[in-house]
Structure formats: C-alpha cells, structure tokens
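Read through the structure below, which is laid out as structure tokens, and then see the notes.
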Number of protein chains: 2
Amino acid sequence: MLRISKFTDYGTVILALMAHNPASTHSAASVTRQVGLPGSTVSKLLKMMSRSGLLTSCRGKQGGYTLAKAPQEISLAEVIEALEGPIGITECSRQNGLCQVESHCAIRRQWQGVNGVIHNALQQVSLATLMHPPAVTEAEAIDTSAHKEPCTTQRISV
Amino acid sequence: MLRISKFTDYGTVILALMAHNPASTHSAASVTRQVGLPGSTVSKLLKMMSRSGLLTSCRGKQGGYTLAKAPQEISLAEVIEALEGPIGITECSRQNGLCQVESHCAIRRQWQGVNGVIHNALQQVSLATLMHPPAVTEAEAIDTSAHKEPCTTQRISV
DNA sequence: ACCATATAGGACTATACTGGTACTGTATAA
DNA sequence: TTATACAGTACCAGTATAGTCCTATATGGT
C-alpha cells in the first residue's frame with residue numbers, strides 16, 4: 001500500500017482546518033466539532049502534534065492549541081515525521097545491520113535514492129499548499145469559538 | 001514510517017537477484033539459498049509475484065521461476081503494486097466515500113497530487129536501475145543451479 | 001480561594017495486519 | 001512411475017494501529 005497511517009491523515013486534516021485561522025486558538029472540543037472524528041482521537045492527535053512542536057498549547061479556560069508556525073512553513077514531511085517517526089521507505093533506508101542479506105544487497109543505495117525523492121516531494125508540499133483549491137467553505141467551517149484570541153501566555157505577555 | 005512492507009522489500013531483493021540472470025530459471029530452493037531468507041517466505045513471495053505476472057513459473061523437475069520481462073521493464077511501482085496492492089498514500093487517494101469529513105476536506109485533491117509524484121518516482125526506477133551500483137559479486141552470487149535453461153514449456157516450444 | 005474548563009500524560013483494549021509455517025494437491029521431466 | 005518443484009490455502013504468533021478512559025495539572029473568571 002505504501003501509505004501513511006489514518007492517524008497521520010487525520011492529523012493533516014486537523015492542521016489544514018486550523019490553518020484557516022492560523023493565529024487563533026482552537027480547543028480540542030471545537031476541532032472535534034468541526035472535524036467529525038472521535039473526540040478522544042482528536043485530542044490524542046493534538047497532544048502528539050503539540051509535543052512534537054507543530055502546535056503550541058495552552059491549558060485552562062480559553063486554552064487550546066495554535067499552529068506553531070505559519071501554514072507555509074509546515075511541510076507534509078514534518079507532519080508525517082511528527083506523527084509516525086522518520087520517513088524510511090525500507091527499514092534499511094536509515095540503518096545498517098538490520099538486514100541479513102546486506103552483503104548481497106546491491107539495492108540499498110538505490111532505495112535510499114527513492115526515499116530521498118519521496119521525502120523531497122513531501123517537503124515541497126506545505127500546509128498552505130494543501131488547502132489551496134477551494135477556500136470555499138471557510139465561513140461555514142469556522143464556528144465562533146474558533147475566533148477567540150490566543151491565550152495570554154502565548155503572546156509575549158506583560 | 002511511510003514504508004513498504006518487509007515482504008515487498010524482500011521481493012525486490014529476490015527480483016534483483018534473479019535479474020542477474022534474467023533468462024534462466026530459478027527454483028525456489030536456489031533463490032532461498034542465495035538470498036538467506038526463510039524458505040517458506042521466499043516461495044510465498046515467488047508465488048505471489050508469479051500470480052501477478054512479474055514472473056513466469058514452470059512446475060516439475062527442472063522447474064522454477066523466470067522474470068516475465070526484461071529488468072529494464074520492471075518498475076518498483078509494479079513490484080509494490082503486485083505485492084501490496086495499488087499505491088495510495090492515503091485511503092482516500094483512490095476511493096471516495098470512505099472519509100466522514102470529505103465535505104470539509106479541501107485536502108484530498110492535494111494528497112492525490114502527492115501520491116502521483118511518489119508513484120512517478122517509483123515508476124522511474126526499474127529493476128535494472130536498482131542493481132546498478134556494484135555488479136561486483138555476480139559470479140559469486142550465482143550458484144550453478146541458476147544456470148539451467150528455462151523449461152521447455154516456456155519457450156514457444158515445439 | 002474556588003471552580004469550571006481544558007490540556008498532559010498515561011495505561012489499556014480490541015482489532016487488523018504482517019511475517020512466517022505447514023500441509024495437500026498438481027504438473028513436469030527423467 | 002517417481003522425484004521434483006510449483007499452487008493454493010489454512011493457520012498462528014507477534015506487533016502495530018485505532019480508539020477509549022482516567023487522573024493530574026494549569027489557567028481564567030467569579
């Protein structure tokens with residue numbers, strides 16, 4: 001199949017959604033409401049992404065998550081790596097000594113090349129690119145709670 | 001991770017090995033001997049690849065498997081698709097209606113684009129490309145049994 | 001000070017997939 | 001006729017994935 005996990009997929013959906021209002025804070029609840037996925041899954045994803053630095057978080061009342069960088073600066077490669085670790089199309093693309101046939105294996109170097117190409121492709125696509133096409137339903141997709149300001153601790157506050 | 005399964009990985013190793021002698025017939029046993037992987041796994045892979053048309057097979061004494069096409073004409077994309085089905089980096093890259101948020105989802109089209117790029121990259125790389133670099137251990141890697149001719153039924157016989 | 005809200009960080013479960021095995025059947029060449 | 005080698009399928013164990021739940025902690029407002 002050669003695919004990313006559903007989790008990562010969901011992750012990009014959530015990020016794209018948040019990218020409509022990059023500056024504001026989104027609570028797990030509001031994201032859940034908009035995205036139509038199980039709430040616990042959403043908050044798990046948000047937690048993971050904030051731990052890996054894609055999002056910043058803020059606890060407490062009016063808390064929530066915010067994009068840590070501008071949508072143009074977040075690449076798919078980053079997202080994938082954040083949610084499922086380093087990109088390696090084969091196990092031996094990154095590490096030596098894992099494979100019993102490494103000596104026979106004239107293939108490894110080439111796989112690493114392929115890997116590079118793919119990694120590149122994923123790095124080219126930013127969150128901003130990802131949400132190019134319609135930009136139609138923006139107004140509908142955003143509920144009021146998404147409009148609140150980032151919580152105070154996040155601005156270089158007082 | 002974004003990676004192909006070990007199976008597919010092994011598959012390419014086996015194919016590359018066979019590609020050293022594209023014209024001759026390789027028995028499961030001889031491939032197993034050369035490749036250093038569990039025999040049952042090897043024959044499972046050979047079966048799968050022959051069913052999907054990458055290899056032709058021939059039963060009976062002196063039987064075995066042969067590449068169905070020249071190494072230059074077998075792409076990684078083909079191999080991956082043969083062993084793990086159509087390449088789709090996300091589940092929705094191919095099919096509609098799987099995803100609950102498809103309406104919100106401005107992302108799908110872009111993922112399909114990414115998918116295309118990757119698919120392309122994999123199509124560029126042929127089995128021949130895959131075994132470019134060394135070509136060193138050819139003589140060692142091939143044991144005598146690999147030198148036998150294709151079995152009669154495979155030539156447009158009599 | 002207190003409370004409601006919202007994230008942090010786990011542990012936990014069920015299910016699906018992956019890698020590997022085993023066994024029976026069938027075609028082929030000698 | 002027999003030994004050889006592929007065909008097909010059912011099976012099993014280990015692991016990864018998707019999803020749930022619970023407790024702790026931080027924040028803002030009253």
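So that the names make sense, note that chain A is the first sequence line, chain B the second, and so on, each numbered from 1.
Projected onto DNA chain D by closest heavy-atom contact, B:Gly60 and B:Arg51 fall at different nucleotides, the more 5' of which corresponds to B:Gly60.
For A:His26 (side chain) and A:Asn21 (main-chain N/O), a donor-acceptor pair under 3.5 Å exists by modelled atom type. Remark: side-chain polar atoms of A:Ser126 are paired, donor with acceptor, to backbone N or O of A:Ala128 under 3.5 angstrom. Here the side chain of B:Gln34 pairs no donor or acceptor atom with the backbone of B:Leu17 at under 3.5 angstrom.
Each of B:Leu46, B:Leu54, B:Leu76 was evaluated against B:Leu15; a single residue qualifies, B:Leu54, per the side chain to side chain contact (heavy atoms under 4.5 Å, CB included) test.
When rounded to the nearest whole Å, the span between NZ of B:Lys44 and P of D:dA7 equals 15 Å. D:dA5 atom P lies 17 Å from atom CG of B:Leu55, rounded to whole Å. Straight-line distance from the CG atom of B:Leu37 to the P atom of C:dG19: 12 Å, rounded to whole Å. The distance from atom NZ of A:Lys61 to atom C1' of C:dC3 is 8 Å, rounded to the nearest whole Å. Counting to the nearest Å, the C1' atom of D:dG19 and the CG atom of A:Leu83 are 15 Å from each other. Rounded to an integer number of Å, the gap from A:Leu54 CG to C:dT7 C1' is 17 Å. Atom CE in B:Met48 sits roughly 14 Å away from atom C1' in D:dA7 (whole-Å rounding). Going from atom CZ of A:Phe7 over to atom C1' of D:dA16 covers 12 Å, rounded to whole Å.
Under 3.5 Å, the side chain of B:Lys6 and the base of C:dG19 form no donor-acceptor pair of N or O atoms.
Considering only side-chain N and O atoms, B:Ser50 lies under 4.0 angstrom from the phosphate OP1 or OP2 of D:dA7. For the pair B:Arg59 and D:dA7, the criterion of a side-chain N or O lying under 4.0 Å from OP1 or OP2 is not met. Contact annotation: A:Ser43 side-chain N/O to C:dT7 OP1/OP2 distance is not under 4.0 Å. A sub-4.0 Å separation between OP1 or OP2 of D:dG19 and a side-chain N or O of A:Tyr10 is present.
A:Ala28 comes within contact range of the sugar-phosphate backbone alone, with a heavy-atom separation under 4.0 Å but no base atom that close. Within 4.0 Å (heavy atoms only), B:Ser40 reaches at least one base atom of the nucleic acid.
Closest to the side chain of B:Gln62, out of C:dT7, C:dG20, C:dA29, is C:dA29. Closest to the B:Ser5 side chain, of the nucleotides C:dT18, C:dG25, C:dA30, is C:dT18. The side chain of B:Lys47 lies closest to D:dA7, out of D:dG19, D:dA5, D:dA7.
Here the CZ atom belonging to B:Phe7 is positioned 10.0 Å from the CG atom belonging to B:Leu37, to the nearest 0.5 angstrom.
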